[in-house]
Amino acid sequence: MTVIRSLMPYRAGTILGAMPHAVESGQAYAAGGGHRGTESPERLLDHVADAGLRGRGGAAFPVAVKLRTVRDGGGRPAVVANGEEGEPGSVKDRWLLRARPHLVLDGLARAASITGATRGYVYVSDPYAAARVRQAIAECPPRIPTEVIETAHTYVAGEETAAVRRINGGPALPTAKPPRPYERGVGDQPTLVSNVETLARIALIATHPERRHEIAGSTVLTLSSPRGGALLTEAPYGTTLAALATVQGTARPVGALMGGLFGGLIGPEALGLTLDGAELAAAGTALGCGAVRFLGPGSCPVATAADAAGHLQAGSARQCGVCVSGTAAIADTLRQLTDGSAPPDTEERLRRWSSGLPGRGACGLLDAAAGTAGSLLRAFPGLVRTHLGAGCADCAAAPPTGGHRLVVPVPPVMDHLGQRAHSSPESGPERVSPSGPR
Ligand code: SF4
């Protein structure tokens, strides 16, 4: 079960509203100020730039720069709302599309007005989110033709070049860069691929420009732990990781897995860090999509690293040979550590892979696997050695599952009649885990 609780006082201009378990209708969205705002596209772009809004999909790229690049790229631009959430520990994007589809569609239309895009796409694998967005489009037709494009869920399907490739009629697999979508994307035209939370924040800035810094200064997070429930929350940047662990319910955390699987592991000394991109980067980690998994006493970082690497190994799109062999080597070695069967040179091999593999795949998946190994060595020096030949009791009690236990369920969302919006189990649809049979 995933609980929803905002750390911010509710007010218009936040993403998690007063009724986060309810589907927001078009009427309710408009009544709350949605679709309003007389700002010109140029003025809205200035506000987005002034607020310092950064993308919420993982890379935290400055949004205004991306908008300007697509606008100035010539041709007939397109805009894509990317709701394909590949990280197993993140639910915010699917929740947002299920519960507040009008907010995302409003943001998509605002981004289109800034870039001059004439077509919009909502890209997602979650069938319930897709249905909710289609319903919202029918209820309140967007200003530009907007299509929902569904894809099969995989770890890499949400990568921006994979999204473009799928919308263009191909498989949802990453392509080599350049060109990047802002140069040549959907229909070979400049394309803005933007995370759905990012678009939602553009819409909020449009309707509440006076609060633009506050809107750009908070983020939606999915917090979880191996032994506790998960929490979907919204928090201001500057909040410490330790405070988030407390809110999530992990007492005396010994570390965390950051950014979904892209921020690696951090040790207990790093829990004083705050939600600040520069601060986290200086410490060698990242917030990514805002998914943080806290490890409490009894949760071994080696088992968590093995789970993460196992998930990445299974999620490899198997296009790049180095990714197939590299993720398998890292995952197998970390698994061996958990049961005490790893060879004596394990530490040296993990160190070599963590420095030699990043940047060698077409997408970032291989980097994430290498980063997992490197961060384990950095954050928990000595832990690999203590696992050699002996394994560990915590790992034996909770052996790696290939990443299955990293999956966080989407919180339930109800329609205005108080019925579940979809005939799905309470936790939302089971996701097709890339760790399953292929
Ligand atoms: S790095 Fe891995 S996941 Fe990414 S495109 Fe290559 S094979 Fe696929």
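Count residues from 1 along the sequence. Read the numbers this way: they start at 1 and go in the same order the structure lists the ligands and their atoms. Please read all numbers here as calculations on a predicted model, not as lab measurements.
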Closest to atom 2 (Fe) of ligand 1 among G315, C323, A162 (heavy-atom distance): C323

Atom 8 (Fe) of ligand 1: the protein heavy-atom neighbour that sits closest, reported with distance to 0.1 Å: A317 CB, 3.0 Å

Exceeds 12 heavy-atom contacts within 6.0 angstrom, atom CZ of R352: yes

Structural part of R318 in contact with ligand 1, heavy atom criterion under 4.0 angstrom: backbone

Exam field: side chain H21 to backbone P412, donor-acceptor pair closer than 3.5 Å: yes

Atom 6 (Fe) of ligand 1: the protein heavy-atom neighbour that sits closest, reported with distance to 0.1 Å: C320 SG, 2.2 Å

Check: D188 main-chain N/O paired with E183 side-chain donor or acceptor under 3.5 Å: no

Donor-acceptor pair, side chain of E197 and main chain of V220, under 3.5 angstrom: yes

Protein heavy atom at shortest distance from atom 4 (Fe) of ligand 1: C363 SG, 2.3 Å

Whether Y155 and F262 hold their rings parallel, tilted or perpendicular, with breakpoints at 30° and 60°: parallel

S375 side-chain N/O to L265 backbone N/O, donor-acceptor pair under 3.5 Å: yes

Minimum-distance protein heavy atom relative to atom 5 (S) of ligand 1: Q319 NE2, 3.3 Å

For V156, atoms of ligand 1 separated by under 4.0 Å from a heavy atom: 3 (S)

Donor-acceptor pair between E84 and T151 side chains, under 3.5 angstrom: no

Those atoms of ligand 1 less than 4.0 Å from some heavy atom in A362: 1 (S), 5 (S), 6 (Fe)

Numbered atoms and elements of ligand 1 in range of G361, under 4.0 angstrom, heavy atoms: 1 (S)

